[in-house]
Amino acid sequence: MTEITHSIIIGVAGGSGSGKTTVSGSILDRVGREQIAYLQQDSYYRDLSHLPYDERIQVNLITPTR
């Protein structure tokens, strides 16, 4: 007999520092990390630590132009 499975997509959204990573971690822990394909936006973070502070604060990561 073939087992029928269903997929669920869960999106976690919010502003910077709003707890998205914490909520996502809780979901992963509760459901089981081996059961979830997890795409974390932080994986696409643009590291600007090489820039001086004055230049970093001028960079708009919300609506980038370059």
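Residues take their numbers from the sequence shown, with the count starting at 1.
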Which ILVMFWY residues can you reach from Ile9 by hopping between side chains whose heavy atoms are under 4.5 Å apart? none
What's the verdict on side chain to side chain contact (heavy atoms under 4.5 Å, CB included) for Gln40 and Thr21, showing C-alpha distance, side-chain angles and the deciding distance? CA-CA 8 Å; Gln40 186 176 11; Thr21 301; 4.1 Å; yes
Would you find more than 12 non-hydrogen atoms of other residues, nucleotides or ligands less than 6.0 Å from Arg30 atom CZ? no
Under a single-linkage rule joining Ile, Leu, Val, Met, Phe, Trp and Tyr whose side-chain heavy atoms are separated by less than 4.5 Å, which residues share a cluster with Ile27? Ile8, Ile10, Val12, Val23, Leu28, Val31, Ile36, Tyr38
For the residue pair Gln58 and Leu51, establish whether any side-chain heavy-atom pair is separated by less than 4.5 Å. no
Contacts of type salt bridge (Lys or Arg N to Asp or Glu O under 4.0 Å), residue Asp54, not counting sequence neighbours: none
